[in-house]
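First up is the structure itself, then whatever we jot down about it.
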There are 2 protein chains.
Amino acid sequence: MAVTLGQVARHAGVSLATASRALNGSARTVGDGLAARVRASADELGYLPNAPAQALARASTATIGVLLHDIADPYFGALAKGATDTAADAGLLTMVLNTGGDPEVELRCIRMLHAQRVRAIVLAGSGYTDPGATAAIDAALSLYRAEGGAVTAVSDHGDGYDTVLPDNRGGAAALTRALLDLGYRRPAVIAGPERFRVSAERLAGVADALAEVGLTMDQIRVEEAEFSRTGGREAVGRLLDGAAGGRDQDRPDVVLALSDVCAVGVLAELRERGIDVPGGIAVAGFDDIPLAADLAPALTTVRMPLLQMGAEAVGLALGRQDDGPSGPVRTLRLPVEPMLRASTGTP
Amino acid sequence: MAVTLGQVARHAGVSLATASRALNGSARTVGDGLAARVRASADELGYLPNAPAQALARASTATIGVLLHDIADPYFGALAKGATDTAADAGLLTMVLNTGGDPEVELRCIRMLHAQRVRAIVLAGSGYTDPGATAAIDAALSLYRAEGGAVTAVSDHGDGYDTVLPDNRGGAAALTRALLDLGYRRPAVIAGPERFRVSAERLAGVADALAEVGLTMDQIRVEEAEFSRTGGREAVGRLLDGAAGGRDQDRPDVVLALSDVCAVGVLAELRERGIDVPGGIAVAGFDDIPLAADLAPALTTVRMPLLQMGAEAVGLALGRQDDGPSGPVRTLRLPVEPMLRASTGTP
DNA sequence: TTGAAAGCGCTAACAT
DNA sequence: ATGTTAGCGCTTTCAA
């Protein structure tokens with residue numbers, strides 16, 4: 001059905017080997033005349049190499065895999081864009097897999113990508129706190145690496161992986177400090193799910209900054225929320241309803257949502273309740289997703305270099321191909337920066 | 001290096017064929033005892049099938065490809081989510097390729113996906129108006145289909161493709177009508193790039209509605225803009241600066257951006273110029289991307305069922321596998337709906 | 001520089 | 001129900 005290399009070779013009157021060398025590169029070189037003839041035949045017949053066959057013969061594919069929670073989430077969208085573009089520049093195709101943040105799904109995805117013999121797997125989602133889940137994933141990745149696969153992580157997935165490490169903790173601390181400097185004194189935090197490592201990192205940053213002014217985490221309200229708009233809405237609802245008596249005294253003066261998509265939900269809920277932002281309660285997020293500055297009001301947040309993170313993660317993976325599997329583990333620390341906008345006004 | 005089926009077979013004391021049948025499904029059936037033994041061996045050895053080898057032997061992969069302009073764009077993010085999740089449910093992996101809206105890139109991407117022997121290609125970006133580019137793409141896809149590949153399109157890419165067809169024209173007309181009903185009389189339009197078909201479709205819808213009240217397109221200002229925030233900003237800038245004398249008389253009372261990401265740029269530019277929305281100028285978009293309702297002010301737009309569109313596009317492709325390549329071309333028309341929000345207030 | 005031939009790991013006839 | 005074997009399309013020794 002499809003045109004094969006063999007047909008091209010016959011058409012050009014050369015051997016299979018020569019056709020292969022002329023069309024699909026190789027250490028060996030082919031005489032100019034023959035090479036041209038082969039290429040002409042290939043064009044004429046409309047030859048396209050059979051990638052699976054090449055993969056089998058070469059024992060290597062031109063594909064990578066990216067694992068993330070949800071491609072529709074703007075945070076992961078930007079990460080994926082950085083990754084896919086970098087991969088494409090290197091001639092690689094990218095498989096994008098949504099894990100939904102579920103370690104079991106992630107494990108299955110890793111096996112599928114391993115089965116595909118992708119060159120590299122990028123762990124773009126957060127690492128998990130559950131030791132069992134982490135161990136299972138580590139084991140699967142270890143098998144994958146034993147066969148030459150490269151693994152890189154975005155944010156902490158344990159040492160042992162080449163990692164692009166944005167300063168979650170430092171960023172959270174810097175943002176919290178900035179809020180304190182603005183005069184806010186009754187912060188409440190909407191933290192990410194406990195099962196994700198980044199949640200703890202960011203929370204630790206908040207604690208760092210609070211400690212500097214003599215506050216501890218038990219003195220402030222912390223609600224956990226999924227990394228989603230709905231999660232943010234519900235969490236801030238609990239925060240407000242939970243404030244005993246609902247008196248303004250108990251009400252937080254600023255809500256720090258540790259992800260922008262949560263903050264979006266927070267803004268929506270406050271709007272619905274008729275609470276002015278930042279007049280009534282100020283709001284801050286984390287990530288600086290593309291539309292953060294266009295929200296109502298513009299969202300104070302921590303800028304993460306998302307495109308770069310995705311790009312560097314793939315870059316590390318490709319570097320690993322050259323260095324060999326046993327080179328030193330690389331960690332690329334990336335600075336982050338608080339962005340103060342209207343949602344935290346000036347109290 | 002990697003564990004092969006052969007090793008598993010030997011370990012279990014069965015033939016290669018039996019091992020294959022036991023592990024990787026087949027019409028034939030295998031005795032319970034043997035099957036269990038084979039599975040046990042596979043587990044013990046940590047066997048993972050070699051997908052490229054399977055693809056070669058079966059002459060078919062378990063992958064699909066999705067072509068879109070930019071995965072970081074929320075419109076495509078949602079589309080991709082619908083597509084990847086549906087594919088995953090069917091046991092398929094998805095390769096996501098950013099074309100940047102460039103037909104040349106798209107052509108190369110199609111060839112790559114063809115080379116990969118993906119089962120289906122989803123054209124998620126807009127079709128092109130350039131006949132040359134379209135012909136080249138059609139030709140490449142035609143070769144692909146001749147070898148059993150399925151192609152489905154989101155929005156018009158020509159008949160001949162199974163298509164998920166949101167009512168771009170009808171939606172634009174309905175939105176325009178709604179704006180006219182609100183009392184706006186000096187609309188200006190920020191249209192998409194002429195090289196995309198959807199731009200013309202949406203523009204035609206606007207014209208339809210204007211005609212109903214005796215207006216023609218030459219009586220209103222139309223600026224072209226890339227489907228991006230920056231595109232929207234610049235276009236509305238031209239719109240305002242171009243209004244001779246800049247007198248309020250000449251100024252549009254509503255700007256209809258034919259994509260939400262453009263509308264975001266419009267809102268940003270108006271904010272910067274200190275023009276109130278909707279008090280000074282009202283703004284509407286198109287697509288209803290996830291954050292449209294959370295912007296400042298909430299954006300009036302046309303709701304497209306983005307997740308569903310992505311999902312159905314993959315569904316059509318999978319249906320095509322069964323129907324055979326020669327079944328009738330399917331078109332799935334999807335209704336869209338204007339969403340009136342604060343950005344168009346009530347003049 | 002070119003060609004012949006042996007696989008790569010797996011599936012699917014075709015036996016038995 | 002199980003095994004034997006011939007490929008799938010390509011790359012890559014190994015010879016010439």
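A, B, ... follow the sequence lines: proteins, then strands. Residue 1 opens every chain.
- The distance between atom CG of Leu45(A) and atom C1' of dG9(D), rounded to the nearest whole Å, is 15 Å.
- Counting non-hydrogen atoms under 4.0 angstrom, Ala17(A) reaches a base of the nucleic acid.
- Atoms CG and CG, on Asn24(B) and Leu5(B) in that order, are 6.0 Å from each other to the nearest 0.5 Å.
- Atom CG in Leu34(B) sits roughly 6 Å away from atom P in dG3(D) (whole-Å rounding).
- When the C1' atom of dT11(C) is taken as reference, atom CG of Leu23(B) falls 13 Å away, rounded to whole Å.
- The aromatic ring centres of Tyr47(A) and His11(A) sit 6.0 Å or more apart.
- Applying the 4.0 Å criterion to OP1 and OP2 of dT2(C), one finds that Thr18(A) has every side-chain N and O outside that range.
- Counting to the nearest Å, the C1' atom of dG9(C) and the CG atom of Leu48(B) are 13 Å from each other.
- Each of Asp138(B), Thr152(B), Asp156(B) was evaluated against Tyr161(B); a single residue qualifies, Asp138(B), per the side-chain hydrogen bond (donor to acceptor under 3.5 Å, both in side chains) test.
- With dT2(D), dC10(D), dG3(C) as the candidates, the nucleotide lying closest to the side chain of Ser15(A) is dG3(C).
- Among the protein residues, Pro52(B) comes within range of no part of the nucleic acid, since none of its heavy atoms lies under 4.0 Å from any strand.
- Each of dC10(D), dA13(C), dG9(C) was ranked by its minimum atom distance to the side chain of Tyr47(A); first place goes to dC10(D).
- When each of dC8(D), dA1(D), dT11(C) is scored by its nearest atom to the side-chain atoms of Thr29(B), the top-ranked nucleotide is dA1(D).
- The nucleotide whose nearest atom lies closest to any side-chain atom of Leu16(A) is, among dA12(C), dG3(C), dT11(D), dT11(D).
- In this structure, Gln54(A) places its CD atom 17 Å from P of dG9(C), rounding to the nearest Å.
- Between Asn50(A) and Asp32(B), the residue whose closest nucleotide on DNA chain D is further toward the 5' end is Asp32(B).
- Distances shown here put a side-chain N or O of Ser20(B) below 4.0 Å from the OP1 or OP2 atom of dT11(C).
- Taking OG1 of Thr94(B) as the reference point, atom CG of Asp85(B) lies at 9.0 Å (rounded to 0.5 Å).
- Computed from coordinates, the Asn24(B) CG to dA12(C) C1' distance equals 13 Å when rounded to whole Å.
- The side chain of Arg21(A) lies closest to dG3(C), out of dG3(C), dT4(D), dT12(D).
- Protein atom CD of Gln116(B) is 13 Å distant from nucleotide atom P of dC10(D), rounded to whole Å.
- Ring geometry, Phe196(A) versus Tyr128(A): the interplanar angle falls from 30° to 60°, so the pair is classed tilted.
- In this structure, Arg37(B) atom CZ and dG3(D) atom C1' are separated by 14 Å, rounded to whole Å.
- Comparing dT11(C), dT12(D), dT1(C) against the side chain of Ala57(B) picks out dT11(C) as the nearest.
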